[in-house]
Amino acid sequence: RPAAEKNDLNQGLQMGCQPFDCNVDSHGSHLCYRPDFVQRHVADKWMKALQTSVPWSQGRVRVFGKDHDEPRLTCYFGEKPYTYSGRTVKPLPWSKVPVLQEIR
């Protein structure tokens, strides 16, 4: 990542709980943090819904010719498949988890 992008992201993260916008990379990724985006009770409701309704799974990736369990649970929603580390993930439709429509 170019130094200017690292500085932009680092400056945003150093602001702590203050709102910020920054470019993350040269591919157009952008990070927007708004701590007051939604009230706390709504965020808590969304989190509980996501924890219970998203079909989380532990994937496997190939690194240097060896397969490894990913160290996290993931679930991919979108329009197109996503490939990384020798793994292609097929997206689930956004409609599969109703709370995602509310969050989007």
Side-chain angles (χ1 to χ4, degrees):
R1 200 180 311 166
E5 291 171 4
K6 286 182 184 178
N7 289 337
D8 195 17
L9 179 58
N10 288 337
Q11 286 174 353
L13 294 173
Q14 289 172 4
M15 294 177 71
C17 290
Q18 299 297 314
F20 66 86
D21 289 278
C22 65
N23 293 320
V24 178
D25 59 29
S26 61
H27 303 288
S29 301
H30 187 80
L31 177 63
C32 175
Y33 174 67
R34 298 285 180 258
D36 59 350
F37 168 69
V38 66
Q39 293 178 348
R40 179 63 183 247
H41 74 278
V42 175
D44 290 342
K45 179 187 89 165
W46 287 349
M47 181 60 120
K48 285 178 186 174
L50 291 170
Q51 289 172 327
T52 59
S53 62
V54 170
W56 301 104
S57 65
Q58 184 175 26
R60 292 187 56 82
V61 293
R62 181 164 290 229
V63 180
F64 299 116
K66 293 185 179 181
D67 290 334
H68 302 275
D69 287 334
E70 292 179 318
R72 69 190 67 76
L73 296 177
T74 59
C75 188
Y76 176 54
F77 294 87
E79 286 77 35
K80 298 179 181 180
Y82 177 64
T83 301
Y84 66 97
S85 296
R87 177 179 182 217
T88 298
V89 183
K90 294 181 181 177
L92 295 173
W94 294 102
S95 59
K96 182 161 181 71
V97 176
V99 72
L100 289 176
Q101 297 303 317
E102 188 178 338
I103 295 169
R104 276 180 97 197

Do M47 and V99 sit in one hydrophobic cluster, given that two such residues count as connected whenever their side-chain heavy atoms are within less than 4.5 Å of each other, even indirectly?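 No.
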
ILVMFWY cluster, I103 and L31 together (side-chain gap under 4.5 Å):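 I103 does not cluster with L31.
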
So does C22 get a backbone contact from the side chain of H30, meaning a donor-acceptor N/O pair under 3.5 Å?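 Looks like yes, one N/O pair under 3.5 Å.
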
From D36 CG over to Y33 OH, what is the distance, rounded to the nearest 0.5 angstrom?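 Taking CG in D36 and OH in Y33, the distance rounds to 9.0 Å.
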
How many angstroms lie between CD in Q39 and NZ in K45, if you round to the nearest 0.5 Å?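 The CD atom of Q39 sits 11.0 Å away from the NZ atom of K45.
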
After noting the C-alpha distance and the side-chain angles of V89 and T74, does the key distance pass the side chain to side chain contact (heavy atoms under 4.5 Å, CB included) rule? CA-CA 10 Å; V89 183; T74 59; over 6 Å; no

Any idea how Y82 and Y76 line up, ring-wise: parallel (<30°), tilted (30 to 60°), or perpendicular (>60°)?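 Answer is tilted, since the angle falls between 30° and 60°.
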
Taking all atoms of both residues into account, what is the closest heavy-atom pair of K96 and P55, and its distance?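 The pair with the smallest heavy-atom distance is CE-CG, 4.0 Å.
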
Minimum heavy-atom distance T88-T83, with the two atoms named: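 Shortest heavy-atom separation between T88 and T83 comes out as OG1-OG1, 2.8 Å.
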
Any pair counted as side chain to side chain donor-acceptor pair (under 3.5 Å), so long as it reaches residues 47-61, sequence neighbours left out: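 Pairs touching residues 47-61 that pass the test: R60-D69.
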
Given side chain to side chain contact (heavy atoms under 4.5 Å, CB included), test R34 with D21 step by step and report yes or no. CA-CA 9 Å; R34 298 285 180 258; D21 289 278; 2.5 Å; yes

Counterpart residues, ring pair (Phe, Tyr, Trp, His ring centres under 6.0 Å), relative to F37 (two or more places apart):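 If we apply the ring pair (Phe, Tyr, Trp, His ring centres under 6.0 Å) test to F37, skipping adjacent residues, there are no hits.
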
